[in-house]
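Just so we're on the same page: letters track the sequence lines, and every chain starts at 1. No experiment lies behind these values; they were computed from the predicted model shown.
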Amino acid sequence: MQTDKLTGRAFDDEVYAVVAQIPAGKIVSYKQIARLIGMPDHARRVGRAMASAPAELPCHRVVNSAGRTAPGWPQQRELLEKEGVRFKANGCADVVRFMWEEIL
DNA sequence: AATTTGACTTATG
DNA sequence: CCATAAGCCAAAT
């Protein structure tokens, strides 16, 4: 293994793999994904990956640390609610109950 | 190549 | 809830 350089396409590819495995009715933060792929400090990179992610990905299950939906995409909330995710009055998902925790 | 920008996070007010 | 600040890193300009 020459390097762990998950840079460029490799990083995004890992991100897509993780997002594809998020169980329905659950949410996960960018930082959490970054952590799962071994790069906890690249939360931003994850977001950028999503911005360019294929529509097949359940990217609607990816929210920020506060359970907030992505900017410019308010419909994300509707999609999550349809999967059983409850939202708080402040417009944030109830991360206390729906944040994904299958981290090994 | 340097600067700006961004689907981030945490903390503070 | 929104604004600002500082930390963080890579892609876009």
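Checked by atom type and distance alone, the side chain of A/Glu14 never pairs as donor or acceptor with a backbone atom of A/Ala10 at under 3.5 Å.
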### Task
Decide side chain to side chain contact (heavy atoms under 4.5 Å, CB included) for A/Thr69 and A/Phe87; before the verdict, give the C-alpha distance in whole Å, the side-chain angles of both, and the deciding distance to 0.1 Å.
CA-CA 10 Å; A/Thr69 54; A/Phe87 275 71; 4.0 Å; yes

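Taking atom P in both C/dC8 and B/dA1, the straight-line distance is 24 Å, to the nearest Å. Nucleotides B/dG6 and C/dA3, compared at atom P, are 15 Å apart to the nearest Å. Nucleotides B/dA7 and C/dG7, compared at atom P, are 22 Å apart to the nearest Å.
Partners of A/Ala34 by side chain to side chain contact (heavy atoms under 4.5 Å, CB included), not counting sequence neighbours, listed by chain and number: A/Val46.
Backbone-only contact: A/Gly91 has heavy atoms under 4.0 Å from sugar-phosphate atoms and none from a base.
Here the options are A/Val19, A/Asp13, A/Val18, the test is side-chain contact (heavy atoms from CB on, under 4.5 Å), and the partner is A/Val15; only A/Val19 passes. For the pairing with A/Asp12, the side-chain contact (heavy atoms from CB on, under 4.5 Å) check across A/Met50, A/Arg48, A/Arg45 returns one residue only, A/Arg45.
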### Query
Nucleotide by nucleotide, 5' to 3', does protein get under 4.0 Å of the base (B), only the sugar-phosphate (S), or neither (-) in nucleotides 1-13 of chain B, counting heavy atoms?
-----BBBSS---

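Within the structure, every pair that satisfies the side-chain hydrogen bond (donor to acceptor under 3.5 Å, both in side chains) test and touches residues 50-68 of chain A, not counting sequence neighbours, is listed here: A/His60-A/Glu83, A/Arg61-A/Glu83.
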